[in-house]
Amino acid sequence: MAEEGKHLETGRADRSVWLMKCPTIVSRAWQEAAADAGGPNPNPNPVVAKVILSFDPLSTDEDLNQFKMEMAQTGNGNTPKNYSLNMFKDFVPMCVFSESNQGKLACEGKVEHKFDMEPHKENLSDYAKLCRERTKNSMIKTRKVHVLDKEHVNVRTMISMIGGGPHSGPKDKKKPVPTRTPEVKRTRRDRGDIENILFKLFERQSNWSLRHLMQETDQPEQFLKEIMNDLCVYNKRGPNQGTHELKPEYKKSVEDTSAT
């Protein structure tokens, strides 16, 4: 920035300039006028609009002054031609800079007035029509037709254009439905045999989970629960939480049997 500041042209730095925020249709009309100025009969300073100031000569209040802009030409029949300029004085001090094609920087002036443009009340009906046309045009979906050479047309290309086949996007692919593994059909055995097997298992270790007992006995879950409700106690807390152990009366008989 220090090097650029040395080559900054400041001859017009004290010039008073206006900063104006204009609609897109106004900016486009001015760009078209500037492009036409470079035609067969070039005009370096084309007239794009004129500003009309209305004031009361007997009043000293500048806030009563009204600014109006009248466009020299418009590109659309419904484009408003007259605009109101709402002036603001309370804004951050700003300067305007320019850069030429050769890269030269210049200060064009400091902003004295800031304006916002809006269609004048006499053009509100035209502006409403323009907004309706713009909304209507934005809702129209344009369809594009692609012409393919015969040598490039094949079944795979047609399927991908329709939206199916291997070239379709990840959204088109259906997720595989997870298949549930069928549970093993367990057959009930004699209750007395299962009780003997359980007593032998509790001789091996004092605490068992239901899942491990099902694996050891190969019996249905509900049938095994019925037997264990009669023989066992379920530990809801403590170091053996979630396991079963024999009731005291059965535990004593098992210990006596193992002792003999």
Side-chain angles (χ1 to χ4, degrees), residues 21 23-24 92 116 118 127-260:
K21 184 179 179 180
T24 305
V92 179
D116 284 343
E118 63 179 14
Y127 184 69
K129 293 179 181 178
L130 180 65
C131 292
R132 285 195 294 268
E133 290 180 359
R134 187 163 51 192
T135 303
K136 183 179 179 180
N137 293 333
S138 64
M139 297 175 64
I140 298 176
K141 296 182 179 180
T142 58
R143 297 179 179 272
K144 296 182 179 180
V145 179
H146 297 276
V147 180
L148 302 177
D149 298 335
K150 292 183 178 179
E151 57 184 10
H152 293 97
V153 177
N154 52 43
V155 177
R156 181 173 296 181
T157 304
M158 296 300 295
I159 293 177
S160 62
M161 291 177 61
I162 295 173
H167 295 281
S168 58
K171 294 182 179 180
D172 299 330
K173 295 182 178 179
K174 295 183 179 180
K175 295 182 179 180
V177 180
T179 56
R180 296 183 59 184
T181 304
E183 297 182 358
V184 179
K185 185 72 173 179
R186 292 183 170 92
T187 305
R188 289 190 180 191
R189 295 177 59 182
D190 182 71
R191 183 185 177 101
D193 294 341
I194 299 302
E195 289 180 356
N196 293 331
I197 294 175
L198 289 174
F199 286 139
K200 291 181 180 179
L201 290 173
F202 280 103
E203 288 180 11
R204 188 195 310 172
Q205 64 182 47
S206 58
N207 295 89
W208 288 86
S209 65
L210 177 62
R211 181 170 61 87
H212 289 152
L213 288 176
M214 289 177 59
Q215 294 175 356
E216 293 288 341
T217 61
D218 193 25
Q219 290 299 293
E221 180 179 357
Q222 189 61 35
F223 177 58
L224 193 60
K225 280 183 177 181
E226 294 176 1
I227 301 176
M228 293 178 64
N229 288 337
D230 295 335
L231 303 181
C232 301
V233 176
Y234 181 71
N235 296 311
K236 296 182 179 180
R237 57 182 63 88
N240 297 320
Q241 181 180 2
T243 62
H244 297 77
E245 65 181 49
L246 288 176
K247 291 181 179 180
E249 59 268 26
Y250 293 111
K251 184 183 299 185
K252 187 175 183 303
S253 63
V254 169
E255 292 175 353
D256 295 340
T257 302
S258 60
T260 58

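Looking at every heavy atom in both residues, T187 comes nearest to Q219 through O-NE2, 3.1 Å. Considering all non-hydrogen atoms of both residues, K247 and N229 come closest at NZ-O, 3.3 Å. Residues D230 and Y250 approach most closely at O-CE1, 3.4 Å, considering heavy atoms. For the pair N235 and N240, the tightest heavy-atom approach, listed with the atom from each and the gap, is CB-O, 3.3 Å. The nearest pair of heavy atoms linking M214 to R186 is CE-NH1, 3.7 Å. Closest non-hydrogen pair, F223 versus R188, comes out as CB-NE, 3.4 Å.
Remark: M228 CE to E245 CD distance equals 11.0 Å, nearest 0.5 Å. The distance from the CG atom of L213 to the CD1 atom of I197 is 11.0 Å, given to the nearest 0.5 Å.
The closest side-chain heavy-atom distance from F199 to L231 is below 4.5 Å. Contact of the E216 side chain with the R204 side chain is registered, since non-hydrogen atoms from C-beta on lie closer than 4.5 Å. Taking the side chain as every heavy atom from C-beta outward, H244 and L198 never approach each other to under 4.5 Å. The closest side-chain heavy-atom distance from F202 to C232 is below 4.5 Å.
Not a single salt bridge (charged side-chain N to carboxylate O under 4.0 Å, His left out) links E118 to another residue, sequence neighbours left out.
Atom NZ of K200 sits in a sparse spot, with 12 or fewer heavy atoms from other residues, nucleotides or ligands closer than 6.0 Å.
Checked for salt-bridge contact, K21 and D116 miss the test: no charged N lies under 4.0 Å from a carboxylate O.
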